[in-house]
Amino acid sequence: MRGDPRRGEAGREVTPPSERGAEVGRRIGVGLMYGLWKPRVLGAWKVPATGPVIFAVNHSHVIDGPMVIGVAPRPSHFLVKKEAFVGPLDPFMRAVGQLKVDRSTADRTAITQALDVLASGGVLGIFPEGTRGEGDFAALRAGLAYFAVRSGAPIVPVAVLGSTERPGRLIKALPALRSRVDVVFGDPFEAGDGSGRRTRTALDEATVRIQKQLTEHLENARRLTGRRSTLE
C-alpha cells in the first residue's frame with residue numbers, strides 16, 4: 001500500500017513518497033509558476049497518461065524543477081539534492097512528495113524511493129546532468145540509465161528554456177517577473193536495448209542512447225521556441 005513503510009535496499013524502513021502530496025505540490029506549482037512567470041508549454045500531450053514515466057530535465061536554473069512540477073500534466077516526484085532540504089523547506093518538500101538524495105554517495109534510501117515511485121506507476125523527475133550548468137545535456141551521470149533500465153519506464157525528455165534569460169530586478173537569483181519560460185516535452189523513448197540486461201556495459205550503452213535522444217530533443221525545442229541557447 002502506498003504510504004506504508006517498508007524495507008529499503010539499505011535494510012532500513014523507507015516510506016514511499018506520497019502521490020497525494022505530489023498532486024498537492026503540482027497544484028501549488030501551477031499557482032506559483034503561472035502567477036510569477038509566463039510559462040509556455042509545448043508537447044504536454046506526449047506524456048503518457050498512466051504508468052511509470054521518467055522526466056529527464058535539463059538544468060540551468062533553480063526554478064527548472066518547480067516549473068516542470070507546476071506545468072506537467074501529471075504529479076511528479078523529483079530527486080533533489082539534500083542541500084535544498086533546509087529549514088522549513090525540509091518538511092514541505094517531503095510533504096509534496098519530493099525525494100532527498102545525497103549526491104556524495106550511493107543513497108540507498110533515495111534509490112529505493114525512486115524505484116517505488118516507478119513501481120507504483122508514478123512519474124519520477126531527474127536532472128541527468130546531476131547539477132546546474134549549461135543545461136545542454138553535455139555530461140550525463142549514470143543514474144538516469146539505471147532507473148530507466150531497471151524499471152523499464154519510458155523517458156520523456158523535457159527542455160526548460162528561458163529561465164536564465166532575464167534576472168529579476170529585486171531578486172537576481174530568480175527570472176524577471178512575468179518573463180516567458182518555455183517548457184517543451186518530447187516523445188517518450190526506451191533507454192534499454194530490449195535485452196533486459198543490467199550490466200555496466202548495458203548501462204553505459206543506455207547512457208549513450210539517452211544522451212543522443214536528449215540532445216536531439218533540446219535542439220528541436222530550441223528551434224520550436226526560437227531560442228538558440230538556454231543561456232540567451
Side-chain angles (χ1 to χ4, degrees), residues 17 43 46-48 52-69 71-72 74 76-84 97-108 110-118 122-164 181-193 198-222 229-231:
K46 297 180 180 181
V47 177
V53 173
I54 299 175
F55 286 160
V57 186
N58 68 322
H59 197 22
S60 58
H61 198 284
V62 67
I63 74 158
D64 294 340
M67 182 64 69
V68 175
I69 289 172
V71 305
R74 294 176 58 184
S76 52
H77 307 264
F78 269 76
L79 284 166
V80 183
K81 63 182 181 180
K82 70 175 185 179
E83 291 82 1
Q98 306 313 302
L99 312 178
K100 180 168 70 172
V101 59
D102 184 348
R103 298 178 298 173
S104 67
T105 185
D107 190 334
R108 298 296 182 181
I111 291 171
T112 298
Q113 289 183 313
L115 290 173
D116 184 80
V117 166
L118 297 172
V123 178
L124 178 67
I126 296 179
F127 301 112
E129 296 160 290
T131 187
R132 290 202 306 273
E134 297 294 315
D136 56 4
F137 295 123
L140 302 190
R141 295 191 175 186
L144 174 56
Y146 171 80
F147 288 118
V149 172
R150 174 157 178 175
S151 69
I155 296 172
V156 171
V158 186
V160 181
L161 305 174
S163 56
T164 59
V181 178
D182 294 322
V183 182
V184 185
F185 293 88
D187 294 314
F189 67 91
E190 304 290 336
D193 60 4
R198 300 178 184 174
T199 62
R200 171 54 58 187
T201 298
L203 292 180
D204 289 343
E205 292 172 352
T207 298
V208 172
R209 284 191 292 272
I210 290 169
Q211 187 165 35
K212 181 177 183 293
Q213 293 276 2
L214 298 187
T215 300
E216 289 178 356
H217 170 67
L218 185 58
E219 292 173 354
N220 290 334
R222 287 172 176 166
S229 169
T230 55
L231 298 181

Heavy-atom pair with the smallest gap, counting every atom of Ile210 and Ala145: CD1-CA, 3.7 Å
Minimal non-hydrogen separation, Pro17 against Val117, with atom names: CG-CG2, 3.3 Å
Any residue meeting side-chain contact (heavy atoms from CB on, under 4.5 Å) with [X], in chain and number order, not counting sequence neighbours:
| X | value |
| --- | --- |
| Ala148 | Ile54, Ile155, Ala191 |
| Lys212 | Glu216 |
| Asp102 | Lys82, Ser104, Thr105, Asp107 |
| Ile69 | Ser76, Phe78, Gln98 |

Partners passing salt bridge (charged side-chain N to carboxylate O under 4.0 Å, His left out) against Glu190 (at least two apart in sequence or in another chain):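 Salt bridge (charged side-chain N to carboxylate O under 4.0 Å, His left out) list for Glu190, sorted by chain: empty.
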Thr112 and Asp116: CA distance, side-chain angles, deciding distance, side chain to side chain contact (heavy atoms under 4.5 Å, CB included) verdict: CA-CA 6 Å; Thr112 298; Asp116 184 80; 5.5 Å; no
Side-chain donor or acceptor of His77 paired with backbone N/O of Gly97 under 3.5 Å: yes
His59 backbone acceptor or donor facing Glu129 side chain under 3.5 Å: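 Yes, because the side chain of Glu129 sits within donor-acceptor range (under 3.5 Å) of the backbone of His59.
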Return the [atom1] to [atom2] distance between [X] and [Y], rounded to the nearest 0.5 Å.
| X | Y | atom1 | atom2 | result |
| --- | --- | --- | --- | --- |
| Asp193 | Arg209 | CG | CZ | 5.0 Å |
| Arg200 | Glu205 | CZ | CD | 12.0 Å |
| Met67 | Leu161 | CE | CG | 11.5 Å |
| Lys100 | Gln113 | NZ | CD | 10.0 Å |
| Ser163 | Ile63 | OG | CD1 | 5.5 Å |

Flag side-chain contact, heavy atom, 4.5 Å: Pro128 against Thr207: no
Pairwise side-chain contact, Asp64 with Val158, heavy-atom cut-off 4.5 Å (strictly under): no
Verdict with supporting geometry, Leu144 and Phe127, side chain to side chain contact (heavy atoms under 4.5 Å, CB included): CA-CA 8 Å; Leu144 174 56; Phe127 301 112; over 6 Å; no
Show the atom names and distances, to 0.1 Å, of all donor-acceptor pairs under 3.5 Å that link a side chain in residues 181-188 to residues at least two apart or in another chain.
| unit_1 | atom_1 | unit_2 | atom_2 | d |
| --- | --- | --- | --- | --- |
| Asp182 | OD1 | Arg40 | NE | 2.8 |
| Asp182 | OD1 | Arg40 | NH2 | 3.4 |
| Asp182 | OD1 | Arg180 | NE | 3.1 |
| Asp182 | OD2 | Arg40 | NH2 | 3.2 |
| Asp182 | OD2 | Arg180 | NH2 | 3.0 |
| Asp182 | OD2 | Arg227 | NE | 2.7 |
| Asp182 | OD2 | Arg227 | NH2 | 3.4 |

Side chain to side chain contact (heavy atoms under 4.5 Å, CB included) between Val160 and Asn58, intermediate numbers included: CA-CA 7 Å; Val160 181; Asn58 68 322; 3.9 Å; yes
